[in-house]
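First the structure, in the form of structure tokens, and then the observations on it.
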Amino acid sequence: SNLPENRRTARGMGRTFQISNVCVDLTVMENLQLAMLGTDARKWTMHRPMSGFTGLRERGEVALARVGLRDRADETVKFLSYGERRQLELALSLASDPKVLLLDEPCAGLSP
């Protein structure tokens with residue numbers, strides 16, 4: 001469709017990309033929280049610390065547990081392996097509870 005990406009996400013479409021695109025200087029949880037806020041009306045609340053968004057960390061922990069990264073939540077992304085970054089990207093895509101999830105070569109570059 002010609003809808004912008006944010007509108008497609010709001011309608012229930014999620015996707016991953018062939019090449020991971022995550023913020024390497026942020027933690028795993030910070031990356032996930034930003035993704036979750038992207039589909040939340042509260043994102044327009046300016047100058048509010050992440051801790052002020054109730055339930056965000058808990059939702060993030062559930063999402064990270066789904067992909068096996070819960071114990072890496074506070075790790076800076078640049079210290080993750082390539083495979084763990086792919087897991088994070090999957091968690092980012094699942095964070096919006098999509099109805100449809102498109103995966104672009106999800107196992108590319110990963111060992112068995």
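Side-chain atoms of T76 do not come within 3.5 Å of backbone N or O of F79 as any donor-acceptor pair. Between the side chain of R8 and the main chain of L3, a donor-acceptor pair closer than 3.5 Å is present. Not one N or O on the side chain of R72 forms a donor-acceptor pair closer than 3.5 Å with the backbone of T27.
Nearest heavy-atom pair, L64 versus A91, reported as atom, atom and distance to 0.1 Å: CD2-CB, 4.3 Å. In this structure, L80 and E75 approach most closely via the heavy-atom pair CD2-CG, 4.1 Å. Here the shortest heavy-atom pairing between L69 and L88 reads CD1-N, 3.5 Å.
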### Task
Could you go through the salt bridge (Lys or Arg N to Asp or Glu O under 4.0 Å) check for E61 and R57 one step at a time?
CA-CA 6 Å; E61 288 176 357; R57 174 123 187 144; 3.3 Å; yes

### Query
Taking it one step at a time, do V28 and V77 satisfy side chain to side chain contact (heavy atoms under 4.5 Å, CB included)?
CA-CA 6 Å; V28 170; V77 172; 4.1 Å; yes

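Between L92 and L32, the closest side-chain pair of non-hydrogen atoms falls below 4.5 Å. Contact annotation: the side chain of R85 approaches that of K78 to within less than 4.5 Å [non-hydrogen atoms, C-beta and beyond].
V62 and L101 fall into different hydrophobic clusters, defined by Ile, Leu, Val, Met, Phe, Trp and Tyr side-chain heavy atoms under 4.5 Å apart, directly or through other members.
Atom CZ of R70 sits about 8.5 Å away from atom CE of M29, to the nearest 0.5 Å. Taken to the nearest 0.5 Å, the CZ atom of R59 stands 6.5 Å off from the CG atom of D97.
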